[in-house]
Amino acid sequence: MHDITLTLNGAAVTARVAPGTTLVALIRDQLALTGTHIGCDTAQCGACMVHVDGVPVKSCAMLAVQADGRRIGTIEGMAEDGRMSALQAAFREHHALQCGFCTPGMVMSAAGIIDRHGANVDDATIRRALEGNICRCTGYHNIVKAIRSAAAATA
């Protein structure tokens, strides 16, 4: 077992983890933040996307011990003063939520897209950047609209 310390959504957290514990298992099972989903468990679908030191990472492909000393952000940390962030509100406004299973990972990826590309990100760039996130509902059209809208609002 390993003792690790990390910053989770701005709060210091200490945990004892087995060497093979994935970051998503730590977040969901030990730290009880269930907004991060386990989809494929093979780092293909993006449902487990979190931010590690501000960069989107698939948490099923990262060991919890690798998070020691790092800043981890989850969907629960996206709200601002208890209210949805502008990005979350854009997902709701543009009907980008669909069944909702992939939504937390999509939002975390979207935040990374906006951080990297800024206010003028185009649809092709958004679609290319979302290739690591799989939505099994109806498609990405409204997700792309929501991300473009939230990005434009940052200008």
Heavy-atom closest contact ([X] atom, [Y] atom, distance):
X: Pro56; Y: Gly112; result: CG-CA, 3.7 Å
X: Arg116; Y: Ala129; result: NH2-CB, 3.9 Å
X: Cys135; Y: Gln98; result: SG-OE1, 3.3 Å
X: Ala150; Y: Ala90; result: CB-CB, 3.9 Å
X: Gly105; Y: Asn133; result: O-ND2, 3.3 Å
X: His51; Y: Ala111; result: CE1-CB, 3.7 Å

Practice item. Please indicate whether Asn120 has more than 12 foreign heavy atoms, meaning atoms of other residues, nucleotides or ligands, lying under 6.0 Å from its CG. Key: no
To the nearest 0.5 Å, tell me how far [X] [atom1] sits from [Y] [atom2].
X: His95; Y: Lys145; atom1: NE2; atom2: NZ; result: 8.0 Å
X: His2; Y: Arg16; atom1: NE2; atom2: CZ; result: 10.5 Å
X: Arg136; Y: Cys45; atom1: CZ; atom2: SG; result: 5.5 Å

Check your understanding: Mind checking whether Pro104 and Thr36 have side chains closer than 4.5 Å, heavy atoms only?
Key -> no
Do the side chain of [X] and the main chain of [Y] share a donor and acceptor less than 3.5 angstrom apart?
X: Asp68; Y: Thr5; result: yes
X: Arg70; Y: Thr7; result: no
X: Lys58; Y: Ala43; result: yes
X: Asp122; Y: Ala124; result: yes
X: Glu93; Y: Gln88; result: no

Review point. Looking at residues at least two apart in the chain, or sitting in another chain, which of them share a ring-ring contact (aromatic ring centres under 6.0 Å, His included) with His37?
Key: Phe101
Study note, to complete from the structure: Using a 4.5 Å side-chain heavy-atom cut-off and chaining through intermediate ILVMFWY residues, the residues clustered with Ile134 come out as Met49, Ile75, Met78, Leu87, Phe91, Leu97, Met106, Val107, Met108, Ile113, Ile114, Val121, Ile126, Leu130, Tyr140, Ile143, Val144, Ile147
Review point. With ILVMFWY side chains joined below 4.5 Å, transitively, what does Val65's cluster contain besides itself?
Key: Ile4, Leu6, Leu8, Val13, Val17, Leu23, Leu26, Ile27, Leu31, Leu33, Val50, Val52, Val57, Met62, Leu63, Ile72
Point to revise | Working for side-chain contact (heavy atoms from CB on, under 4.5 Å), residues Arg127 and His141 | key: CA-CA 9 Å; Arg127 288 180 185 280; His141 182 71; 4.1 Å; yes
Revision key, fill the gap. Per side chain to side chain contact (heavy atoms under 4.5 Å, CB included), Ser59 is matched among Thr22, Val24, Thr74, Ile38 by Val24
